[in-house]
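No hydrogens, no waters, no symmetry mates; every other heavy atom, side chains included, goes into these values.
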Number of protein chains: 2
Amino acid sequence: MNLKQLSQMLGLSQTTVSRALNGYPEVNHETRERVLKAVRETGYRPNKAAQRLATGKAGSIGLVMPTSPGNSSDVHFSEFLTGLGEEALRHDFHFVLTPADPNDEVGALRRLAASGNVDALFVNYMRGHDPRLDMLKTLSMPFLVHGRSIGSEPDYPFLDIDNEAAFYDATKLLLQLGHRRFALLNGPIYLDFAIRRKKGVDAALAERGLALDEACVSHTAMTDEQGLFTMERILQMERERRPTAVLCSSTVLALGAVRAINQAKLRLGEDISMIAHDDVLTLLKPENFTVPLTTTRSSLRAAGVRIAERLIGEIKHTDTFPAQELWKAELIVRASTGVAPAD
Amino acid sequence: MNLKQLSQMLGLSQTTVSRALNGYPEVNHETRERVLKAVRETGYRPNKAAQRLATGKAGSIGLVMPTSPGNSSDVHFSEFLTGLGEEALRHDFHFVLTPADPNDEVGALRRLAASGNVDALFVNYMRGHDPRLDMLKTLSMPFLVHGRSIGSEPDYPFLDIDNEAAFYDATKLLLQLGHRRFALLNGPIYLDFAIRRKKGVDAALAERGLALDEACVSHTAMTDEQGLFTMERILQMERERRPTAVLCSSTVLALGAVRAINQAKLRLGEDISMIAHDDVLTLLKPENFTVPLTTTRSSLRAAGVRIAERLIGEIKHTDTFPAQELWKAELIVRASTGVAPAD
DNA sequence: TACATAATTGAAAGCGCTTTGGAAGTCTGG
DNA sequence: CCAGACTTCCAAAGCGCTTTCAATTATGTA
């Protein structure tokens, strides 16, 4: 069933039916009712491809899904996706997910844009001086960045959390509790958030004339396995060098790290303190850890909702938003942080 | 840059350029090279909407993403998605993700099909007598089901694992080790896999004249939180009624359950045995648990790859596949299963 | 040389929708 | 009763691509 058939059925022109459907004012009320009724009865649905071709609007947001045989699926990504979806649902938008080889994200993005399948683009997992930014700026298509790219001119629309401040605050709290030796279990070093979080830690330590022992810093994928391995390694250091405070970039990393701590028969919050960043994953709640975890908290899902909201608003030209948003993370103190043990 | 411009630039007709691009044999080798070179230089990309309109093929697979404010994002879903993406990448396919209110999945599916945005549909999280099946059968569009729907005629294409056999085998192993009282931490009761897994347990027990104590059976979302809560509750039962063996529908549930067991100062594999179903989540490896977990294993990601492969094959009419596949899960014994403790 | 055959290329007709530019028909007020 | 202003509707021109049908040239054969 297409427009032509429908309009013939009704004895109207395609023009009128189309207008009735799209809410144009110049169609008789009675005629519109008749059209709407027919639509209901026949189950007619406009062909999106044709609509897209005619209007240039697709009603969809494109995103590149980093994927490769070796690449792991990522809880953080799916949590975020859920937020995007939640908002998109309200506006009858959908997503076009293009899987891409991580080595060719720029190409994948360009192809996605040129395909005419999407109205706007979205990127995340930003890196330092991210090459995708330059490409996006050349495109005349709305886009939004989740995160930022250190080393690039900040002249693009983004939504980010203040990673540096979050880890600065967390470190400061631990310093106040008397800790002097720190470990940092961070995400991959090339990612912007990891860079900023380390900067936050460094800054807080520098204020006290301290510095991170590089042997206590790791940059790994954010899985519990890596958390376990890294923490095991760190705990094997001789006593006087071993850190008494640990900062984790994710509760997932923390999950493994806590297990390592338990296996070493150390008491979390007493022998060793920990603060993790909490993306508010539904899977993993820091308050449900055996020793509830002190965290810096910012919901990935909420970020997803907000990003969809902004992107859709821009496509529809309904709203204007601040181009750049920086969210503060909350520092929530639970039982995993305690005063530093006496040496 | 569109076809028309490109062909004018080359002094060729749109026809020839189109044919050169799509690999038709009747175009001069030299001409084709010229076209390809121009494409590379200009970065021309065919407009997908136009292609879609002309051919009726969209090069995309539709899937409905269950989403609502209360609904949790799901690691299992994202693991699976990664597999889909991995295969889709090889064929230059993409996914159209339509978020949908869980109460209107049938409607969302129908709209997605009618939109003309997708060539094939995919559904998962099957329920008993799933209403989506009837709808899919009326559509003249290829579809594939991940899982099955107990209570419906099995006359639809699916890929499933043999959940009943997996849990039958697992239960049998525990019986052989002398266990007599069992707990089952299962997924939501309305889901097909949960129903079948319970059937497997029931069947194995019935052979020995045993049955599940309903107080030891839970049907919850598969999060570590629920695992923790449920296990805590179960461990509070009086000693002679308390189960000595636990079956978990997911390693995520097991994660919480193990924590409850640790907190109760019970030794996994000695005081209490556990077998979990392992979807091979990159996040969570059963071999990395403090006490490595005995599991029934079947990779969700591999299922994703296979499903994409079948769906794409069907769309392109390149391959024929068996309509229905039932994969066996492997039973992998690790340290979490031991002989039943003497009463 | 003449004619059949193969190898290349093009013109034009859609695919299903939106939208521009009228064209009727219907109301007003003078 | 008619000019001017609405209202309501339609014909037709695209959007950018594929594909059918046909034309043109090159190659081979008798």
Side-chain angles (χ1 to χ4, degrees), chain A residues 1-36 38-39 42-60 92 111-119 140-141 315-316, chain B residues 1-36 38-39 42-60 92 111 113-119 315-317:
Chain A
M1 171 64 66
N2 56 25
L3 228 211
K4 191 169 179 184
Q5 291 166 5
L6 185 67
S7 56
Q8 276 170 356
M9 207 181 97
L10 286 162
L12 290 167
S13 74
Q14 295 190 35
T15 314
T16 306
V17 177
S18 170
R19 281 187 176 132
L21 258 34
N22 293 311
Y24 281 65
E26 67 267 43
V27 30
N28 190 325
H29 179 73
E30 196 176 299
T31 311
R32 179 173 319 229
E33 288 303 313
R34 217 152 61 81
V35 171
L36 260 27
V39 168
T42 60
Y44 165 79
R45 286 255 124 197
N47 179 308
K48 286 273 181 192
Q51 255 175 343
R52 163 66 176 136
L53 193 54
T55 61
K57 294 277 160 225
S60 66
D92 194 25
R111 285 191 293 275
L112 191 54
S115 78
N117 255 329
V118 299
D119 299 323
S140 50
M141 180 177 285
I315 294 170
K316 292 186 169 176
Chain B
M1 172 64 67
N2 58 23
L3 227 211
K4 191 170 180 182
Q5 291 165 8
L6 185 67
S7 57
Q8 275 170 356
M9 206 182 97
L10 287 162
L12 288 168
S13 73
Q14 295 190 35
T15 314
T16 306
V17 176
S18 170
R19 283 207 271 245
L21 257 34
N22 294 309
Y24 281 65
E26 68 266 41
V27 28
N28 190 322
H29 179 71
E30 197 178 296
T31 313
R32 174 168 321 201
E33 288 303 313
R34 217 154 59 82
V35 171
L36 259 29
V39 167
T42 59
Y44 165 79
R45 283 260 125 195
N47 178 308
K48 287 273 181 192
Q51 256 175 343
R52 163 66 176 138
L53 193 54
T55 62
K57 295 277 161 222
S60 66
D92 194 25
R111 284 191 294 277
S115 77
N117 256 328
V118 299
D119 299 323
I315 294 170
K316 292 187 170 176
H317 300 295

> Quick check: does any side chain N or O of B:Arg52 sit under 3.5 Å from a backbone N or O of B:Gly116, one acting as donor and the other as acceptor?
Replying inline: yes

> Atom CZ of A:Arg52 and atom C1' of D:dG14: how far apart are they, to the nearest Å?
Replying inline: 15 Å

> Side chain of B:Thr31, backbone of B:Ala20: donor and acceptor closer than 3.5 Å?
Replying inline: no

> Hey, is the main chain of B:Ala38 close enough, under 3.5 Å, to the side chain of B:Thr42 for a donor-acceptor pair?
Replying inline: yes

> So, is A:Tyr44 close to the C:dG16 phosphate, meaning a side-chain N or O under 4.0 Å from OP1 or OP2?
Replying inline: no

>> Go nucleotide by nucleotide along DNA chain C from the 5' end; which of B:Leu12 and B:Ala50 gets its closest nucleotide reached first?
In response: B:Leu12

> Donor-acceptor pair under 3.5 Å: do we get one between B:Thr15's side chain and the base of D:dT18?
Replying inline: no

> Could you give the CG-to-C1' distance, from A:Asn22 to D:dC9, as a whole number of Å?
Replying inline: 16 Å

>> With a 4.0 Å limit, can you tell me whether A:Asn2 has a side-chain N or O closer than that to the phosphate oxygens OP1/OP2 of C:dG16?
In response: yes

> Do the side-chain N or O atoms of B:Thr16 get closer than 4.0 angstrom to the phosphate oxygens (OP1, OP2) of C:dG10?
Replying inline: yes

> Does A:Ser18 make a side-chain N or O approach to OP1 or OP2 of C:dC17 shorter than 4.0 Å?
Replying inline: no

> In whole angstroms, how far is the C1' atom of D:dT18 from the NZ atom of B:Lys4?
Replying inline: 16 Å

> Could you give the CG-to-P distance, from B:Leu21 to D:dG16, as a whole number of Å?
Replying inline: 16 Å

> In whole angstrom, what separates B:Leu3's CG from C:dG14's C1'?
Replying inline: 15 Å

> Which residue, A:Thr31 or B:Thr55, contacts DNA chain D at a nucleotide closer to its 5' end, judged by nearest heavy atom?
Replying inline: A:Thr31

>> Take a 6.0 Å sphere around NZ of A:Lys4 and say whether it holds more than 12 heavy atoms from other residues, nucleotides or ligands.
In response: no

>> For D:dC10 and A:Gln14 - does any side-chain N or O of the residue sit under 4.0 Å from the phosphate oxygens OP1/OP2?
In response: no

> Is any N or O donor-acceptor pair between the side chain of A:Arg19 and the base of D:dT7 shorter than 3.5 Å?
Replying inline: no

> For DNA chain C, whose closest nucleotide is more 5', that of A:Tyr24 or that of B:Ala54?
Replying inline: B:Ala54

> Which part of the nucleic acid, if any, lies within reach of A:Gln51 when heavy atoms closer than 4.0 Å are counted: base, sugar-phosphate only, or nothing?
Replying inline: sugar-phosphate

> Nearest to the side chain of B:Val27 - D:dC9, C:dT9, D:dG16?
Replying inline: C:dT9

> In whole angstroms, how far is the P atom of C:dG16 from the CG atom of B:Asn47?
Replying inline: 17 Å

> Would you say the side chain of B:Val35 lies within less than 4.5 Å of the side chain of B:Leu10, judging by non-hydrogen atoms?
Replying inline: yes

> For B:Gln51, does its backbone N or O pair with a side-chain atom of B:Thr55 as donor and acceptor, under 3.5 Å?
Replying inline: yes

>> Side chain of B:Glu26 only, heavy atoms from C-beta on: which candidate in D:dA11, C:dT19, C:dT9 is closest?
In response: C:dT9

> Within this structure, what is the CG-to-C1' distance between A:Leu53 and D:dG14, rounded to whole angstrom?
Replying inline: 9 Å

> CE of B:Met1 versus P of D:dC15: gap in Å, rounded?
Replying inline: 16 Å

> Are B:Asn28 and C:dA7 close enough that a side-chain N or O sits under 4.0 Å from OP1 or OP2?
Replying inline: no

